[in-house]
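In what follows, a single structure is set out as structure tokens and then discussed.
Every chain is numbered from 1, with letters handed out A, B, ... down the list of sequences.
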Amino acid sequence: MQVTSSPALFTPGGVVTRFAPSPTGHLHIGGARTAVFCWLLARHYGGRFVLRIEDTDLERSRQEYTDSILASMRRLKLDWDGDPIFQKDRFAVYDAAVERLLASGHAYWCACSPETVEAAREKARSEGKKPRYDGRCRNLGLGPGPGRTVRLAAPAEGRIEFDDMVKGRLAFEASELDDMVLRRADGSPTYNFSVVVDDAAMNITHVLRGDDHVNNTPRQILLYRAFGAEPPVFGHVPMSLGPDRQKLSKRHGAKSVMEYDKDGFLPDALVNYLVRLGWSCGDREIFERDELVQLFDGGNLNRSPAAFDPQKLLWVNAEHMRRNAPEALLPELLPFLKTDGEGGAQAGADADRKLVLACIGMLQGRARTLKDLAGQMRPVLTPADDLTYAEGALESLEPDEWTHLAELRERLAAVETFDRDTLHAVVQAYVEEKGLKFKAVGRPLRVALLGAVNGPDIVQVMQAAGREDTAAKLDRALKLAAGAGRIQPTGGLAVPGNHG
RNA sequence: GUCCCCAUCGUCUAGACGGCCUAGGACAUCGGCCUUUCACGCCGACAACCGCGGUUCGAAUCCGCUUGGGGACGCCA
């Protein structure tokens with residue numbers, strides 16, 4: 001079920017969208033998806049994308065979260081136009097707006113305490129009616145005073161209708177709505193009020209937001225009417241659910257964008273995955289960023305909630321990993337090479353650039369995340385003396401395998417050019433000469449060079465590591481084996497560096 | 001309770017005009033092939049139109065109801 005966008009709704013170049021998070025937590029995956037949709041819509045139509053921080057709740061808003069949200073947006077490369085707007089800097093604007101509504105008779109002062117209002121609500125609830133404020137102060141002609149709020153004088157009847165970009169035509173009865181508070185007793189503006197004032201002031205043309213805001217929309221439309229302003233186009237994207245099909249939230253294990261960053265996910269992959277949650281383009285799954293901008297026109301948005309699937313995210317990430325050039329992956333990978341393990345520490349140095357790029361090229365198709373890739377690169381980048389072996393790997397090698405290793409060590413040391421073809425020829429010749437299967441030598445070589453029985457093409461590994469490093473790693477393995485008495489120093493085995 | 005929304009494989013989804021759908025793709029799962037191990041890749045399998053009525057020559061597609069799920073009912077955002 002979907003609604004195809006009607007081009008008539010859009011004025012090319014005139015589209016202005018916004019993302020308006022409140023800094024009461026990190027940007028999690030659900031919020032990020034909304035941000036992606038808003039950003040894409042603006043970019044597709046060559047319009048503007050505004051970032052507004054809704055920090056009117058002084059109690060819960062924290063600078064740390066604002067910073068984190070901004071960092072997440074940058075990390076996802078969702079660039080916004082102009083400076084971020086902070087609502088707490090705009091209280092004067094909201095005050096002035098309240099005054100206008102008061103003056104035009106669209107709002108009034110209310111002296112009811114939160115307790116009275118709650119009691120009235122409770123009463124309505126118990127009578128099976130919609131809990132709403134009864135408007136008792138509406139015609140009292142009250143003025144400002146301590147503890148007093150300003151409420152909207154909402155119409156008692158009529159229908160409020162609008163065409164939702166994703167849901168189609170929606171209608172609400174005015175009688176369902178009550179006289180909402182616009183200005184709190186402490187003078188701060190309420191959410192619905194500040195949103196409308198700002199969206200109008202910033203000429204927002206398209207409000208794309210979570211489904212949990214549909215019920216706010218008729219209230220906001222009422223406010224636009226009170227101001228005599230034209231409402232924007234609204235679009236409510238379905239909620240994203242956790243794998244457990246519960247609404248995605250912090251306490252339901254919704255991870256933040258920054259956590260995925262730490263886990264080694266590529267920004268483009270995250271954006272790709274997120275946008276496919278509730279949007280589709282035929283059978284396509286993998287999109288580059290610019291393709292998304294080109295393809296996403298606000299249509300084809302799904303109406304039903306979508307569950308987040310970590311496994312598919314992993315797959316999308318793997319796809320992006322392999323599509324990138326090693327040079328493009330390198331800067332993303334650096335932090336993971338640096339923090340993980342001792343051996344990879346100098347990997348970022350210029351001297352190692354070629355080696356690192358070769359490793360990326362060799363391994364990028366095998367890794368699902370940057371973290372994963374860095375882990376797979378580590379044994380290759382680690383000097384022989386620091387190489388660690390997987391539990392039981394050395395011990396698992398048979399005497400014959402050690403023999404092959406010792407022999408191969410000599411033959412490999414003797415090759416003229418240390419390139420893939422030559423190395424392969426040497427190993428292949430040995431295998432045929434002895435009437436072996438390749439795996440008879442592949443396994444011990446992998447253990448010696450990678451510290452594990454599994455890994456990429458071992459000839460490629462040798463070439464990437466280079467002549468010295470390969471020799472050093474073979475020597476070390478042999479030495480350890482001799483030390484543990486797994487190979488007899490006799491039998492004509494030349495084990496360099498072995499002192500018996 | 002009241003209001004709003006949603007409903008295709010386990011998951012993300014395709015499915016403009018109802019017939020091309022014995023429902024397609026992708027992730028996951030399970031087989032097999034490839035192979036130098038693992039991974040990749042390739043091939044294949046499993047697997048869905050919530051139910052009931054109606055409209056129609058014909059419905060996953062339109063209408064109604066039921067059921068199930070979600071959301072909202074704050075001087076939070």
Side-chain angles (χ1 to χ4, degrees), chain A residues 1-2 4 20-24 54-57 59-61 87 110 112-114 117-118 121 124-133 147-151 164 167-168 170-173 175-178 180-192 194-195 210-218 236 238-239 241 243 245-247 273 276-286 300 302-316 318 322 363 365-368 376 424 427-428 431 437-443 445-447 450 452-459:
Chain A
M1 283 298 219
Q2 58 187 232
T4 305
S22 66
T24 52
E54 312 230 309
D55 51 0
T56 52
D57 185 339
E59 287 288 302
R60 298 198 299 147
S61 298
Q87 288 192 320
C110 170
C112 296
S113 69
V117 176
E118 191 37 51
R121 259 195 263 276
R125 214 187 297 267
S126 66
E127 287 167 2
K129 288 190 294 193
K130 181 118 180 158
R132 53 197 292 276
Y133 173 66
R148 291 188 179 176
T149 60
V150 173
R151 287 180 182 273
D164 191 282
K167 291 174 175 301
L170 260 25
F172 294 82
E173 288 299 327
S175 57
E176 289 293 324
L177 279 24
D178 62 2
M180 63 176 156
V181 171
L182 270 23
R183 181 192 146 107
R184 300 189 188 96
D186 68 2
S188 62
T190 54
Y191 165 75
N192 278 126
S194 58
V195 163
D211 215 352
D212 48 344
H213 285 291
V214 261
N215 292 279
N216 284 323
T217 306
H236 294 92
M239 302 272 76
L241 277 23
R245 296 211 73 84
Q246 293 296 304
K247 180 185 176 183
Y273 176 74
R276 275 286 288 106
L277 222 51
W279 177 83
S280 59
C281 184
D283 282 344
R284 289 196 59 179
E285 296 285 354
I286 304 299
N300 285 105
N302 224 279
R303 302 163 97 153
S304 49
F308 181 83
D309 180 2
Q311 286 184 304
K312 187 150 185 182
L313 204 213
L314 228 29
W315 174 76
V316 171
R322 84 182 50 194
L363 296 163
R366 310 169 56 89
R368 281 149 94 79
Q376 292 191 42
H424 188 266
V427 177
Q428 196 57 46
V431 164
K437 296 271 192 190
F438 194 102
K439 72 171 76 163
V441 300
R443 207 167 83 100
L445 280 172
R446 267 192 202 89
V447 170
L450 300 170
V453 292
N454 292 327
D457 172 17
I458 200 59
V459 172

[atom1]-[atom2] distance between [X] and [Y], expressed to the nearest 0.5 angstrom:
X	Y	atom1	atom2	answer
A:Ser280	A:Glu285	OG	CD	9.5 Å
A:Arg125	A:Glu118	CZ	CD	6.0 Å
A:Met180	A:Thr149	CE	OG1	12.5 Å
A:Trp315	A:Tyr273	CH2	OH	11.5 Å
A:Tyr133	A:Cys112	OH	SG	3.5 Å
A:Ile286	A:Arg276	CD1	CZ	9.5 Å

Would you indicate what [X] reaches in the nucleic acid, counting non-hydrogen atoms under 4.0 angstrom: base, sugar-phosphate, or nothing?
X	result
A:Arg368	sugar-phosphate
A:Asn216	base
A:Gly278	sugar-phosphate
A:Ala306	sugar-phosphate
A:Asp457	base
A:Ser22	sugar-phosphate
A:Val459	base
A:Leu277	sugar-phosphate
A:Phe172	sugar-phosphate
A:Arg121	sugar-phosphate
A:Val453	base
A:Ser113	base
A:Cys281	nothing
A:Pro456	base

Starting at atom [atom1] of [X], determine the distance to atom [atom2] of [N], rounded to an integer number of angstrom.
X	N	atom1	atom2	value
A:Leu450	B:U36	CG	C1'	13 Å
A:Gln311	B:C12	CD	P	13 Å
A:Met239	B:G70	CE	P	13 Å
A:Asn302	B:U8	CG	C1'	11 Å
A:His236	B:C5	NE2	C1'	11 Å
A:Arg443	B:U37	CZ	P	12 Å
A:Arg183	B:G74	CZ	P	21 Å
A:Trp279	B:C12	CH2	C1'	13 Å

Could you tell me which nucleotide pairs with [N] by Watson-Crick or G-U wobble geometry, both distances under 3.5 Å, or answer none if nothing does?
N	value
B:C52	B:G64
B:U11	B:A26
B:C34	none
B:C17	none
B:C3	B:G71

Over all atoms of both residues, closest heavy-atom pair of [X] and [Y]:
X	Y	value
A:Leu277	A:Ala307	CD1-O, 3.6 Å
A:Asn302	A:Ser304	OD1-OG, 3.2 Å
A:Glu54	A:Pro23	O-CD, 3.4 Å
A:Asp212	A:Met239	OD1-CE, 3.4 Å

Under-4.0 Å side-chain N/O to phosphate OP1/OP2 contact, A:Asn454 with B:U36: no
Verify the contact: side-chain N or O of A:Thr190 to OP1 or OP2 of B:A77, cut-off strictly under 4.0 Å; return yes or no.
no
Listed nucleotide nearest any side-chain atom of [X], set [options]:
X	options	result
A:Ala307	B:U36, B:C12, B:A77	B:C12
A:Asn215	B:A77, B:G71, B:C75	B:G71
A:Lys167	B:A77, B:G71, B:C5	B:C5
A:Pro131	B:A77, B:C73, B:C27	B:C73
A:Pro305	B:U36, B:C6, B:C5	B:C6

Taking donor-acceptor contacts at under 3.5 Å, does the side chain of [X] reach the base of [N]?
X	N	answer
A:Arg446	B:U37	yes
A:Arg276	B:U13	no
A:Glu118	B:G74	no

Is it true that A:Asn192 and A:Thr190 share a donor-acceptor pair across their side chains at a distance under 3.5 Å? no
- Query: Do NZ/NE/NH1/NH2 and the carboxylate oxygens of A:Asp211 and A:Lys167 come within less than 4.0 Å?
  - Reply: yes
Contacts of A:Gly455 and A:Asp178 projected onto RNA chain B by closest heavy atom; the upstream (5') one is A:Gly455
Of A:Phe438 and A:Leu241, the one whose nearest nucleotide on RNA chain B sits closer to the 5' end is A:Phe438
Protein-proximity profile, nucleotides 41-52 of chain B, B/S/- by nucleotide at the 4.0 Å heavy-atom cutoff, equals S-----------
Exactly one of A:Pro189, A:Ser61, A:Ser22 clears side-chain contact (heavy atoms from CB on, under 4.5 Å) with A:Thr56, and that residue is A:Pro189
Under 3.5 Å, which N/O atoms of the protein pair with N/O atoms of nucleotides 22-24 of chain B?
from: B:G24; atom 1: N2; to: A:Asp283; atom 2: OD1; distance (Å): 3.2

